[in-house]
Every structure is written in C-alpha cells, then in structure tokens.
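As structure tokens, the structure follows; a few thoughts come after it.
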Amino acid sequence: MIRKEVVIRVAEGLHARPAAEFVRLCTEAGDDVQVRRTDGKQASGKSILAILTLGLRRGDIAIIEAPDSAETLVDKLVSLLG
C-alpha cells in the first residue's frame, strides 16, 4: 500500500475543477484510491461528490492511499494537489 501526504496548494482548495481531474485520473487508472483528511474522514478517489464533501482547503493535508501498483498515479495526484 502506498500512502503519501500532500499539503493542498491549490488556491481555492480541492474545489470542483481539480476534484474532477482527480476523479478522472483515478477512474481511468482503475485503481482503488482513497483520500483521507487528517481527522480520519475519507473518500473514494472515484467519487467527485465524496471528494468535495471532504472540504479540503488550501493548507490542509490530504493523505492519498492506493495499491503498490499505482505509484505513477499517486505521483500524478500529488502533483495535482500540491
């Protein structure tokens, strides 16, 4: 299992546009990706509604978890958010 933490650098936080891109990447890859807040609240990387309800804002830490086979995907997701 890959687990990476990233500080949200997107000015408006994880709003609709970056969330849609996040979901697109996860869906295309087909991997089971989870996004978690530091308080434990989590969402599937394939659900835009779930990701948006996390309410991640600029400066928050997001934890991305995925299978070991998804290292390239996780790196893309970290770049998208950080």
Side-chain angles (χ1 to χ4, degrees):
M1 179 71 66
I2 298 170
R3 182 178 190 272
K4 290 195 177 181
E5 293 185 7
V6 58
V7 176
I8 305 296
R9 300 276 183 224
V10 180
E12 296 83 19
L14 191 51
H15 63 91
R17 191 169 296 131
E21 180 65 11
F22 193 100
V23 169
R24 184 188 68 75
L25 290 169
C26 291
T27 302
E28 286 179 359
D31 291 306
D32 183 30
V33 176
Q34 294 292 312
V35 184
R36 186 181 319 269
R37 293 174 50 101
T38 55
D39 65 4
K41 188 175 179 182
Q42 70 179 25
S44 167
K46 294 180 182 177
S47 171
I48 192 164
L49 183 59
I51 289 174
L52 290 173
T53 60
L54 288 176
L56 290 166
R57 298 172 189 236
R58 185 177 188 171
D60 289 348
I61 296 173
I63 302 160
I64 301 172
E65 296 178 339
D68 289 334
S69 60
E71 187 173 355
T72 302
L73 171 61
V74 172
D75 289 342
K76 287 179 185 177
L77 297 173
V78 167
S79 294
L80 176 67
L81 302 178

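Side chains are part of it too, since the values below use all heavy atoms of this structure and drop only hydrogens, waters and symmetry mates.
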Practice problem: Write down the atom of Gly13, the atom of Pro18, and the distance for their closest heavy-atom approach. | Solution: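 For Gly13 versus Pro18, the nearest heavy atoms are O-CG, 3.9 Å.
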
*asked:* Could you report the tightest heavy-atom contact between Ile51 and Ala19, atom names first, then the distance?
replied: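 In this case the closest contact between Ile51 and Ala19 is CG2-CB, 4.0 Å.
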
Which atom pairs, one a donor and one an acceptor, fall under 3.5 Å between side chains of residues 58-66 and the rest of the protein, sequence neighbours left out?
from  : atom 1 : to    : atom 2 : distance (Å)
Asp60 : OD2    : Arg57 : N      : 2.8
Glu65 : OE1    : Arg36 : NH2    : 2.6
Glu65 : OE2    : Arg3  : NE     : 3.4

Side chains of Leu54 and Val35: does their closest heavy-atom pair fall under 4.5 Å? yes

message = Has Thr53 got a side-chain atom pairing as donor or acceptor with Ala50's backbone, closer than 3.5 angstrom?
response = yes

message = Once rounded to the nearest 0.5 Å, what's the spacing between atom NZ of Lys46 and atom CD of Gln34?
response =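 The distance works out to 10.0 Å.
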
State plainly whether the residues Arg17 and Glu21 are in salt-bridge range, i.e. N to O under 4.0 Å.
no

Taken in chain and number order and not counting sequence neighbours, the residues that satisfy side-chain hydrogen bond (donor to acceptor under 3.5 Å, both in side chains) with Asp39 are Arg37

Please table the atom pairs, donor to acceptor, closer than 3.5 Å between any side-chain atom in residues 69-82 and protein atoms at least two apart or in another chain.
from  : atom 1 : to    : atom 2 : distance (Å)
Asp75 : OD1    : Lys4  : NZ     : 2.5
Ser79 : OG     : Asp75 : O      : 3.1

